[in-house]
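Read through the structure below, which is laid out as structure tokens, and then see the notes.
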Amino acid sequence: MEREMLNINANLVKEPTFTSFQKDGEEVQVVNFTLVKKYGKGKEYINCSAYGDKVEIAKEFDKGDFIHIFGYYKERHVEGKTYKNFVVKSYNKI
């Protein structure tokens with residue numbers, strides 16, 4: 001399945017949160033953060049996750065920073081609900 005790769009520029013809503021999980025016996029670092037993109041009078045919130053060596057970049061982010069992200073949307077369906085998350089392949093503060 002081919003994923004649509006996107007570039008998005010938006011502002012950081014609050015400080016990123018850092019955590020980790022176990023996969024195949026190894027610990028994987030993860031950072032989660034939310035961006036807000038404004039469209040005229042409307043807003044779009046984008047929940048983002050970056051994994052592994054990409055986590056370090058987010059340690060320098062502060063609330064309100066303008067961030068460029070590149071990656072794709074991933075949807076999960078749990079108990080009748082759909083969760084949409086942006087998986088970050090690369091990103092930086094602009």
TODO: Determine whether F18 and V30 make a side-chain contact, defined as any pair of heavy atoms from C-beta on separated by less than 4.5 Å.
DONE: no
Task: Side-chain heavy-atom pair Y73, E75 within 4.5 angstrom cut-off - done: no
Open item on the list: Is the shortest side-chain heavy-atom distance between I57 and V55 below 4.5 Å?
Closed with: no
Task: Flag side-chain contact, heavy atom, 4.5 Å: D62 against L12 - done: no
- [ ] Decide side chain to side chain contact (heavy atoms under 4.5 Å, CB included) for N47 and K84; before the verdict, give the C-alpha distance in whole Å, the side-chain angles of both, and the deciding distance to 0.1 Å.
- [x] CA-CA 8 Å; N47 295 317; K84 191 174 178 182; over 6 Å; no
Please list, one pair per line, the donor and acceptor atoms closer than 3.5 Å that link side chains of residues 86-94 to other protein atoms, with sequence neighbours excluded.
residue, atom, partner, partner atom, Å
Y91, OH, K54, O, 2.5
Y91, OH, A58, N, 3.4
K93, NZ, E60, O, 3.3

Open item on the list: N9 vs F66, test: side chain to side chain contact (heavy atoms under 4.5 Å, CB included). Steps then yes/no.
Closed with: CA-CA 7 Å; N9 295 324; F66 195 57; 3.5 Å; yes
- [ ] Compare all side-chain heavy atoms of F70 with those of L6 and state whether any distance is below 4.5 angstrom.
- [x] no
Task: Min side-chain heavy-atom separation N11-L35 under 4.5 Å - done: no
Open item on the list: Within the 3.5 Å criterion, strictly below it, is a donor on Y51 or Q29 matched to an acceptor on the partner's side chain?
Closed with: no
Open item on the list: Test your reading of the model: is there a side-chain donor-acceptor pair from N85 to the backbone of K74, 3.5 Å cut-off?
Closed with: no
TODO: Take E27 and S20, measure what side chain to side chain donor-acceptor pair (under 3.5 Å) needs, and give me the verdict at the end.
DONE: CA-CA 6 Å; E27 185 175 15; S20 64; 2.7 Å; yes
- [ ] Could you tell me the separation between the CD1 atom of I67 and the NZ atom of K37, rounded to the nearest 0.5 Å?
- [x] 14.0 Å
Open item on the list: Using the rule given for side chain to side chain donor-acceptor pair (under 3.5 Å), can you reason through E4 versus Y72, listing the C-alpha separation, both sets of side-chain angles and the distance that settles it, and then say yes or no?
Closed with: CA-CA 6 Å; E4 181 182 5; Y72 60 92; over 6 Å; no
Task: Test item: C48 and N32 side chains (from C-beta on) under 4.5 Å apart, heavy atoms - done: no
Open item on the list: Rounded to the nearest 0.5 Å, what separates atom CZ in F61 from atom NZ in K59?
Closed with: 12.5 Å
Task: Heavy-atom check, side chain of V13 versus side chain of Y45, under 4.5 Å - done: yes
Open item on the list: If you count every heavy atom of other residues, nucleotides or ligands that lies below 6.0 Å from K43 atom NZ, does the total exceed 12?
Closed with: no
Open item on the list: Please determine whether side chain to side chain contact (heavy atoms under 4.5 Å, CB included) holds for the pair Y39 and E44, giving the CA-CA distance in whole Å, both sets of side-chain angles, and the decisive distance to 0.1 Å.
Closed with: CA-CA 8 Å; Y39 295 100; E44 175 186 5; 3.0 Å; yes
TODO: Mark yes when over 12 heavy atoms from residues, nucleotides or ligands other than Q22 sit less than 6.0 Å from its CD; otherwise mark no.
DONE: yes
